[in-house]
Amino acid sequence: QLQKDLEEVKELLTKATRKRLRDVLMTEKHKLELEIKNQPPPKPKDVAEEDKLSLGGYTVKINNYGWDQSDKFIKIYISLSGVQKLPAENVQVNFTERSFDLLVKNLNGKNYTMTFNNLLKPISVEGSSRKIKTDMVLVMCRKKQEEKWECLTQVEKESKEKE
């Protein structure tokens with residue numbers, strides 16, 4: 001799989017003419033080459049099967065959360081019992097300007113996911129982060145502009161306006 005990705009990136013590199021795009025592709029190419037180099041040797045099939053089972057059976061969608069805001073941040077509080085015991089790399093958040101998604105891997109044999117699309121206003125990807133607390137994940141979205149948000153998402157705002 002990684003090898004195929006690398007081949008495709010190399011192919012795109014030959015077609016790319018814009019400097020910024022070439023830089024992005026070069027970075028990705030280096031990342032993939034490193035990942036391939038650092039890959040563990042393939043395991044015998046029965047061991048690989050056991051690994052899959054230990055990775056947590058299924059994914060649970062998180063619907064329950066609390067949120068708050070300051071002038072600079074929107075803070076989303078997600079309660080997950082025992083999350084502080086996980087290795088930090090098992091709690092991942094990907095931010096874009098108008099969304100974020102959280103993935104918590106292998107917590108009590110399950111994966112947990114939460115996605116927020118269409119945030120009410122833009123956030124700063126670089127300024128946003130997550131903190132792992134006792135039985136809780138705190139997602140901190142850095143606001144692009146210091147202003148009060150009346151709700152979290154565009155959809156929420158539209159449904160309030162309908163009422």
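Heavy atoms only: backbone and side chains are in, while hydrogens, waters and symmetry mates are out.
- One hydrophobic cluster holds both I36 and L12 under the rule that ILVMFWY side chains link at heavy-atom gaps under 4.5 Å.
- Grouping the Ile, Leu, Val, Met, Phe, Trp and Tyr side chains by contacts below 4.5 angstrom, directly or via other members, places V9 with L21.
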Please step through side-chain contact (heavy atoms from CB on, under 4.5 Å) for the pair L103 and V91, ending with a clear verdict. CA-CA 6 Å; L103 173 63; V91 180; over 6 Å; no
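- A donor-acceptor contact shorter than 3.5 Å is absent between the side chain of R130 and the backbone of V93.
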Report the C-alpha distance between V104 and N111 in whole Å, list the side-chain angles of each, state the deciding distance to 0.1 Å, and finish with yes or no for side-chain contact (heavy atoms from CB on, under 4.5 Å). CA-CA 6 Å; V104 179; N111 300 319; over 6 Å; no
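- A donor-acceptor pair is defined here as one N or O able to donate and one able to accept, closer than 3.5 Å; such a pair exists between the side chain of D135 and the backbone of G82.
- Within the 4.5 Å cutoff, the side chain of L102 has no heavy atoms near those of the Q92 side chain.
- Atom OG1 of T14 is separated from atom CZ of R22 by 8.5 Å, given to the nearest 0.5 angstrom.
- Distance check: S99 OG to N118 CG gives 9.0 Å after rounding to the nearest 0.5 Å.
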Please assess R142 against E126 for the test salt bridge (charged side-chain N to carboxylate O under 4.0 Å, His left out), listing each intermediate value before the final yes or no. CA-CA 8 Å; R142 175 78 185 217; E126 307 77 47; over 6 Å; no
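- For the pair L80 and L107, the minimum side-chain heavy-atom distance is below 4.5 Å.
- Residues M136 and Q84 form no side-chain contact, since every pair of their non-hydrogen atoms from C-beta on lies 4.5 Å or further apart.
- Contact of the K29 side chain with the L13 side chain is registered, since non-hydrogen atoms from C-beta on lie closer than 4.5 Å.
- Side-chain atoms of Q69 never come within 3.5 Å of backbone atoms of K75 as a donor-acceptor pair (strictly under, hydrogens ignored).
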Derivation and outcome, side-chain contact (heavy atoms from CB on, under 4.5 Å), residues W67 and I74: CA-CA 7 Å; W67 73 283; I74 290 287; 3.8 Å; yes
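- Considering CD of E11 and CG of L25, their distance stands at 11.5 Å, rounded to 0.5 Å.
- No salt bridge links K105 with E89; every basic N to acidic carboxylate O contact stays at or beyond 4.0 Å.
- Residues F100 and N94 are not in side-chain contact: their nearest non-hydrogen atoms beyond the backbone lie 4.5 Å or more apart.
- Residue E147 qualifies as enclosed at atom CD: its count of foreign heavy atoms under 6.0 Å is above 12.
- Placement of L32 and V24 in two distinct hydrophobic clusters is found when ILVMFWY residues are connected by side-chain heavy-atom separations under 4.5 Å, directly or transitively.
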side-chain contact (heavy atoms from CB on, under 4.5 Å) between E33 and L6: does it pass, once the steps are laid out? CA-CA 7 Å; E33 288 170 342; L6 182 60; 3.8 Å; yes
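- The environment of NZ in K148 is crowded: more than 12 heavy-atom neighbours from other residues, nucleotides or ligands sit within 6.0 Å.
- A distance of 14.5 Å separates NE2 of H30 from CD of E35, quoted to the nearest 0.5 Å.
- A heavy-atom distance below 4.5 Å is not found between the side chains of K143 and I123.
- The structure places CZ of F73 at 8.5 Å from OG of S124, a figure rounded to the nearest 0.5 Å.
- A distance of 12.0 Å separates CZ of R98 from SG of C141, quoted to the nearest 0.5 Å.
- Cluster annotation: F95 is connected to Y65 through the hydrophobic network of ILVMFWY side chains, with a link wherever side-chain heavy atoms come within less than 4.5 Å.
- No more than 12 heavy atoms of other residues, nucleotides or ligands sit less than 6.0 Å from atom NZ of K85.
- Between D101 and F116, every side-chain heavy-atom pair lies at or beyond the 4.5 Å cut-off.
- At a threshold of 4.5 Å between side-chain heavy atoms, the hydrophobic network of Ile, Leu, Val, Met, Phe, Trp and Tyr places L119 and M140 in two separate groups.
- L120 places none of its side-chain heavy atoms less than 4.5 Å from the side chain of T153.
- Look at E7 and K4 and you find no salt bridge, because none of the NZ, NE, NH1 or NH2 atoms lies under 4.0 Å from a carboxylate O.
- The only option from V137, N64, L138 that meets the side chain to side chain contact (heavy atoms under 4.5 Å, CB included) definition with Y77 turns out to be L138.
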